[in-house]
Protein chains: 2
Amino acid sequence: MNTAKRAAQLLSSHNVTSLFDSVEAFLFDCDGVIWKGDKLIDGVSQTLEMLRSKGKKLVFVTNNSTKSRRQYAKKFNSLGISVREDEIFSSSFAAAMYLKVNNFPREKKVYVIGGEGILEELQLAGYTGLGGPEDGEKRAEWKSNSLFEHDKSVGAVVVGLDPHINYYKLQYGTLCIRENPGCLFIATNRDAVGHMTDLQEWPGAGCMVAAMCGSTEREPIVVGKPSTFMMDFLLQKFQVSTSKMCMVGDRLDTDILFGKNAGCKTLLVLSGVTNQSTLEDPSGTIQPDYYTSKISDCLHLLGP
Amino acid sequence: MNTAKRAAQLLSSHNVTSLFDSVEAFLFDCDGVIWKGDKLIDGVSQTLEMLRSKGKKLVFVTNNSTKSRRQYAKKFNSLGISVREDEIFSSSFAAAMYLKVNNFPREKKVYVIGGEGILEELQLAGYTGLGGPEDGEKRAEWKSNSLFEHDKSVGAVVVGLDPHINYYKLQYGTLCIRENPGCLFIATNRDAVGHMTDLQEWPGAGCMVAAMCGSTEREPIVVGKPSTFMMDFLLQKFQVSTSKMCMVGDRLDTDILFGKNAGCKTLLVLSGVTNQSTLEDPSGTIQPDYYTSKISDCLHLLGP
């Protein structure tokens, strides 16, 4: 882990060529880097085309768990960017893979606080998910002589970003974690906020995960950034050393820390949640190798 | 603060008289001590009558913020126990008093994640509350080109137990705390779970407070137990030293810690969230002076 503080370099025509020549694979975060909500950030399409034309490998590593890999590929394509499912590493996929590599028993169930994407990835990995969107309108009422029942065969609770969070889901997940012996508590990620829409930030998965920590008094296993759990899958895919990868993201505490933890080069873009004053804040402990305002800056810096 | 570990004594006919003789005022927690949900715990009524007949002062110090003092007095009376409003110190009242003693400006507003009790106490203290139950059915949707608006004159967000927690409230409170300069973040309490019904435990205010910590990356001011903020009001009321008070509660991390922090004697009852094995867990750091299964044990221990 290399999180020692060293001032980030502004990406410029002087350093861009050496960075690009030394990197074989670019790892992109999505929210705040590729898009904000449903709007592409300026110049993204041309930048990705340029990188592909130079033979660079591209993957998209997103903490947003509301979609599955398939649903992400669809979103990319609907925005006019050609991306394959296997180029996407979402935290929804990571949660399912965590269960798989840890031989989570197929007869156990998984309770989901989060979106459809987690349920789809669980199903693709051969697991039975409960909860998620179908519990979005359920109500939990405090009644005498009445027990709130939960499924005793739930062996893991996966918590991700959930705009339909409610007390029913919180009670269900809490009962599973507190009362089902050995029940796992898995967080897709802990981002405090995110650019769920183009104009502002909203509570992220870190909000729902913290709620569950508050009621269960347990800490989760985190599978998304900055955890390097997904890196094993990326290494398997690329067969290149992490020093030849560059993580491009808009968050210091997830994207840049993930890149640094894994030994990648790191590039912060200011098109998302981090602004220049946060980057330059002397109390900040995480510094990227490079920073620039948005990924399309590379287009003119690298020249024609 | 006296939290050094010393084994709790089981309340018995040998030590009960010296405890009762040295105590002028008994401070009772409610959930898990007086009632569970809407059911009185066995013998509570007779125990409180016996204490009053012996000239003991009684107050009820509850972290449950869903009700105001007035609403609590009504609940006591409906259960056949005569209690006056000024004998009740709820965390809803504490939140309003915190603003008052800190000269919170009357022209500022207070956003509430929690129940009617907080709004009523704020109003009685002369403040304008927003949110609470009326935001329970509101929905926050992620839409392009659309801004989620919040009131810029909110100067404090009060978070308590809220069975109607939703993403709308979480976004509203988060925006106030993150974007309104100097906005206070006040937690009524941080109980992980509580006996909201007779048969089981449910996520407590600690769940909603943690959610807001997760999205705002801020820590709250806590006014309920184990914070001793309310003790100033109790001292004003009784004019007796805290060494002549006994805090009776079912939770080590709130009730007993509150009593110890304030210099009171402490009595744990096992009729709520703490069982004997938790009390005896060697990793536990908080020990009451005495423990017993329920408050009515005093009746036969003290004899006729």
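Proteins come first, then strands; the chains are lettered A, B, ... in the order of their sequence lines, and each starts at number 1.
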Only pairs of heavy atoms separated by less than 4.5 Å count here; which of B:Gly214, B:Gly204, B:Gly37 has the most with chain A?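 Going by pairs under 4.5 Å, I would pick B:Gly214.
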What residue, out of A:Ala140, A:Cys213, A:Pro163, A:Ala205, has the most heavy-atom pairs lying under 4.5 Å from chain B?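 Greatest number of close heavy-atom pairs with chain B: A:Pro163.
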Which of A:Gly206, A:Pro203, A:Ala192 touches chain B most, by non-hydrogen pairs under 4.5 Å: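 Option with the greatest count: A:Pro203.
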Measure the [atom1]-[atom2] distance between [X] and [Y] for me, rounded to the nearest 0.5 Å.
| X | Y | atom1 | atom2 | value |
| --- | --- | --- | --- | --- |
| A:Ile295 | A:Phe28 | CD1 | CZ | 4.5 Å |
| A:Leu257 | A:Ile286 | CG | CD1 | 4.5 Å |
| B:Cys176 | B:Leu184 | SG | CG | 11.5 Å |
| B:Leu268 | B:Ile256 | CG | CD1 | 5.0 Å |

Shortest non-hydrogen contact from [X] toward [Y]:
| X | Y | value |
| --- | --- | --- |
| B:Val273 | B:Gly194 | CG1-CA, 4.5 Å |
| A:Gly132 | A:Leu119 | CA-CD1, 4.1 Å |
| A:Gly114 | A:Pro133 | O-CD, 3.8 Å |

Qualifying residues under ring-ring contact (aromatic ring centres under 6.0 Å, His included), relative to B:Phe258, sequence neighbours excluded: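 Scan of B:Phe258 (ring-ring contact (aromatic ring centres under 6.0 Å, His included), adjacent residues dropped) gives none.
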Side chain, backbone, both or neither of A:Met196 within contact of chain B (heavy atoms, under 4.5 Å):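 Interface part for A:Met196: both.
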At a cut-off of 3.5 Å, what donor and acceptor atoms pair up between chain A and chain B?
from	atom 1	to	atom 2	distance (Å)
A:Lys39	NZ	B:Asn145	OD1	3.0
A:Asn145	N	B:Asp198	OD1	3.1
A:Asn145	N	B:Asp198	OD2	3.4
A:Asn145	OD1	B:Lys39	NZ	3.0
A:Phe148	N	B:Gln200	OE1	2.5
A:Phe148	O	B:Gln200	NE2	3.3
A:Tyr167	OH	B:Pro203	O	2.6
A:Gln171	NE2	B:Glu201	O	3.1
A:Arg178	NH2	B:Glu201	OE1	2.6
A:Asp198	OD1	B:Asn145	N	3.1
A:Asp198	OD2	B:Asn145	N	3.4
A:Gln200	OE1	B:Phe148	N	2.4
A:Gln200	NE2	B:Phe148	O	3.3
A:Glu201	O	B:Gln171	NE2	3.1
A:Glu201	OE1	B:Arg178	NH2	2.6
A:Pro203	O	B:Tyr167	OH	2.6

